[in-house]
Participant: 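Would you mind keeping the following structure in view while I ask a few things?
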Amino acid sequence: MNVFSKLIQDIGSLWQTYGSQYISGIKSTLLLAISATLIGCIIGFICGILNTIPYSKNDSPVKKFFLKLLRAIVRIYVEVFRGTPMMLQAVFIYFGLPYFSNNAMRFNNIWSAALLIVSINTGAYMAESVRGGIISVDSGQTEGAKAIGMNHFQTMINVVFPQALRNIMPQIGNNFIINIKDTSVMFIIGFTEFFAVHKAAVGNTYLYFPSATIEMIGYLTMTLIASFILRWIEKKLDGENSYELAADDQLVMAAGTYNHPGTPFEERNREFGERRGS
């Protein structure tokens, strides 16, 4: 019990000294995670559209070459940013640009650099999620849209994406939760977020485990709240669980209320029977 009492005491001491900085770090983490997830989703949707533009043997060689080139670029982008750690991506982008451009190109704002890094990393994962969501939509939906004169872009926006969005919504939430945690690697470029505050507090007090406990509780609280909100959004997208037949609508004919009028060649047609009797 003495150990736990000392832990609580150390946590209280850290919070009293660095509480405002922890709160500021949480705000920076959430703002970066939300912004990067939204931008990453946009990148993923664009890549998903480019990856699913159809072409046939009858198309011109220029169109086929251009589409294949776009798909190759998207594939390289996805494989590179999914296959390397975000920390190394941050180093290569933030420090690599000045290195190769002799300081002609560099980030003057660490926030914009962190946003760019997390966004393009998220976009690489979302590109495959969007492609899977598009493929999961029945092909008859696309054929029906084309039959009424829609082009590929109109079909994606008005027909496919609304259905694919529900399928990829869990993955969007998963990427958001991952971004809440992975923003911790942005300290490598000097971005001050939740984990960076932990490192600063530990460097001054050497209370590593008590500060890590605050970090653990903070990250867990953020991810649990995010999970709750995302599940609520998914339920809203699913709609109501039960539906009632709008029987009051005159255009709706319920079972048993519709009488077949028959044709002039059927004996059950009253007019036909009267004529026949006459």
Participant: For the pair T213 (side chain) and F209 (backbone), establish whether a donor and an acceptor sit closer than 3.5 Å, ignoring hydrogens and angles.
Facilitator: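 Indeed, once roles are kept as given, a pair shorter than 3.5 Å links the two residues.
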Participant: Find out whether P170 and N174 are in side-chain contact, i.e. whether some heavy atom of one side chain is under 4.5 Å from a heavy atom of the other.
Facilitator: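 Side chain of P170 against side chain of N174, heavy atoms only: no contact under 4.5 Å found.
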Participant: If we ignore hydrogens and angles and just use 3.5 Å, is the side chain of Q154 paired with the main-chain N or O of N151 as donor and acceptor?
Facilitator: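 Flag set: sc Q154 to bb N151 pair under 3.5 Å.
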Participant: Do F195 and M216 belong together in a cluster built from hydrophobic side chains that touch within less than 4.5 Å?
Facilitator: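 They do not share one cluster, since no chain of ILVMFWY contacts under 4.5 Å joins F195 to M216.
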Participant: Is there a side-chain contact between W111 and L32 in this structure, where contact means two heavy atoms from C-beta onward sitting under 4.5 Å apart?
Facilitator: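 Sidechains of L32 and W111: in contact.
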Participant: Can you spot which of I117, I178, I120 makes a side chain to side chain contact (heavy atoms under 4.5 Å, CB included) with M86?
Facilitator: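 Output: one option passes, namely I117.
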Participant: Return the minimal non-hydrogen interatomic distance between I189 and A113, and the atom names on each side.
Facilitator: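 So the two residues come closest at CD1-CB, 4.3 Å.
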Participant: Taking it one step at a time, do F95 and Y99 satisfy ring-ring contact (aromatic ring centres under 6.0 Å, His included)?
Facilitator: CA-CA 6 Å; F95 298 106; Y99 182 86; over 10 Å; no
Participant: In this structure, would F100 and I93 fall into the same cluster of hydrophobic residues linked by side-chain contacts under 4.5 Å?
Facilitator: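 No; tracing contacts between hydrophobic side chains, which count when under 4.5 Å, never links both residues.
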Participant: Flag the pair I188 / V91 as yes when at least one side-chain heavy-atom distance between them is below 4.5 Å, and no otherwise.
Facilitator: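 A side-chain contact under 4.5 Å exists here.
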Participant: To check you understand the geometry: which heavy-atom pair defines the closest contact between T84 and V80, and what is its length?
Facilitator: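 Distance-wise, the nearest heavy atoms are OG1-O, 2.8 Å.
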Participant: Does the side chain of T142 reach to within under 4.5 Å of the side chain of V160, using non-hydrogen atoms?
Facilitator: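 They are in side-chain contact.
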Participant: In Å, rounded to the nearest 0.5 Å, how long is the span from CH2 of W15 to CD of Q21?
Facilitator: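 With rounding to 0.5 Å, CH2 (W15) is 11.0 Å from CD (Q21).
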Participant: Taking C-beta and beyond as the side chain, do N51 and R71 meet within less than 4.5 Å on heavy atoms?
Facilitator: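 Of all side-chain heavy-atom pairs linking R71 with N51, at least one is under 4.5 Å.
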Participant: Mark yes or no for whether Q89, through its side chain, and F81, through its backbone, hold a donor-acceptor pair below 3.5 Å.
Facilitator: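 Between the backbone of F81 and the side chain of Q89 there is a qualifying donor-acceptor contact (under 3.5 Å).
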Participant: What is the minimum heavy-atom distance between P210 and D10, and which atoms define it?
Facilitator: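 It is CG-CB, 3.6 Å.
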Participant: From I180 CD1 over to I26 CD1, what is the distance, rounded to the nearest 0.5 angstrom?
Facilitator: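 The distance works out to 11.0 Å.
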Participant: Say whether, by atom type as modelled, one donor and one acceptor occur between the side chain of S211 and the main chain of L207 under 3.5 angstrom.
Facilitator: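 Judged by distance alone, no pair lies under 3.5 Å.
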Participant: With rounding to the nearest 0.5 Å, note down the distance linking CD1 in I217 to CD1 in I11.
Facilitator: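 With rounding to 0.5 Å, CD1 (I217) is 5.5 Å from CD1 (I11).
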Participant: L50 and I46: side chain to side chain contact (heavy atoms under 4.5 Å, CB included), yes or no, with the steps?
Facilitator: CA-CA 6 Å; L50 295 178; I46 293 174; 4.2 Å; yes
Participant: Just verifying a value: how many Å separate N167 CG and I172 CD1, rounded to the nearest 0.5 Å?
Facilitator: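 Atom-to-atom, N167:CG and I172:CD1 are 10.5 Å apart.
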Participant: Tell me whether the rings of F107 and Y94 are parallel (<30°), tilted (30 to 60°) or perpendicular (>60°).
Facilitator: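 Because their plane-to-plane angle is under 30°, the rings of F107 and Y94 count as parallel.
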Participant: May I ask you to check whether over 12 heavy atoms, not counting those of K64, lie within 6.0 Å of atom NZ?
Facilitator: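 Yes, the 6.0 Å shell around NZ holds more than 12 heavy atoms from other groups.
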Participant: Might you work through the salt bridge (charged side-chain N to carboxylate O under 4.0 Å, His left out) test for R131 and E128, ending with a clear yes or no?
Facilitator: CA-CA 5 Å; R131 187 176 69 87; E128 287 300 292; 3.0 Å; yes
Participant: Write down the atom of I177, the atom of S227, and the distance for their closest heavy-atom approach.
Facilitator: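 Nearest heavy atoms, I177 then S227: CD1-OG, 3.2 Å.
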Participant: Looking at S20, is its backbone amide N or carbonyl O close enough to the side chain of S24 to form a donor-acceptor pair, meaning the two atoms are under 3.5 Å apart?
Facilitator: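 No, the answer is negative, given that no donor and acceptor are paired below the 3.5 Å cut-off.
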Participant: Just wondering, are more than 12 heavy atoms of other shown residues or ligands nearer than 6.0 Å to CZ in R231?
Facilitator: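 No, not enclosed.
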Participant: Testing the basics here: between C47 and V74, what is the closest heavy-atom pair and its distance to 0.1 Å?
Facilitator: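 Closest pair (atom of C47, atom of V74, distance): CB-CG1, 3.9 Å.
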Participant: Please answer: with hydrophobic residues joined when any side-chain heavy atoms are less than 4.5 Å apart, are F161 and I135 in the same cluster?
Facilitator: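 Different clusters.
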Participant: For the residue pair Y208 and H198, is the inter-centroid distance of their aromatic rings smaller than 6.0 Å?
Facilitator: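 So the answer is yes for these two rings.
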Participant: Shared ILVMFWY cluster between Y125 and L38, side chains joined below 4.5 angstrom?
Facilitator: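 No: no chain of side-chain contacts under 4.5 Å links Y125 to L38.
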Participant: Rounded to the nearest 0.5 Å, what separates atom CG in N175 from atom SG in C41?
Facilitator: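 Between N175 CG and C41 SG, I get 7.0 Å after rounding to 0.5 Å.
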Participant: Mind checking whether V130 and I168 have side chains closer than 4.5 Å, heavy atoms only?
Facilitator: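 Result yes, sub-4.5 Å side-chain heavy-atom pair found.
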Participant: Mark yes or no for whether S136, through its side chain, and G133, through its backbone, hold a donor-acceptor pair below 3.5 Å.
Facilitator: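 Present.
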Participant: Going from CG on L116 to CG on N121, what distance comes out if it is rounded to the nearest 0.5 angstrom?
Facilitator: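 If I round to the nearest 0.5 Å, the distance is 11.0 Å.
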Participant: Heavy atoms, side chains only, cut-off 4.5 Å: are I134 and M156 in contact?
Facilitator: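 Contact flag for I134/M156 side chains = yes.
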Participant: Can a donor-acceptor pair be found between the side chains of Y18 and N204 at a distance below 3.5 Å?
Facilitator: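 Yes, N204 and Y18 have a side-chain donor paired with an acceptor closer than 3.5 Å.
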Participant: Is L14 linked to L220 within one hydrophobic cluster, defined over Ile, Leu, Val, Met, Phe, Trp and Tyr using a side-chain heavy-atom separation of less than 4.5 Å?
Facilitator: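 No.
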Participant: Are the side chains of F45 and L165 in contact, using a 4.5 Å heavy-atom criterion?
Facilitator: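 Answer yes - side chains close enough.
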Participant: Where the side chain of T29 meets the backbone of F194, is there a donor-acceptor pair that is under 3.5 Å apart?
Facilitator: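 Yes; judged by distance alone, with no hydrogens or angles, the pair exists.
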Participant: Which heavy atom in V78 sits nearest to a heavy atom in A124, and how many Å separate them?
Facilitator: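 Closest heavy-atom pair between V78 and A124: CG1-O, 3.7 Å.
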Participant: Could you check I43 against M126 for side chain to side chain contact (heavy atoms under 4.5 Å, CB included), going step by step and ending with a plain yes or no?
Facilitator: CA-CA 8 Å; I43 296 173; M126 283 305 305; over 6 Å; no
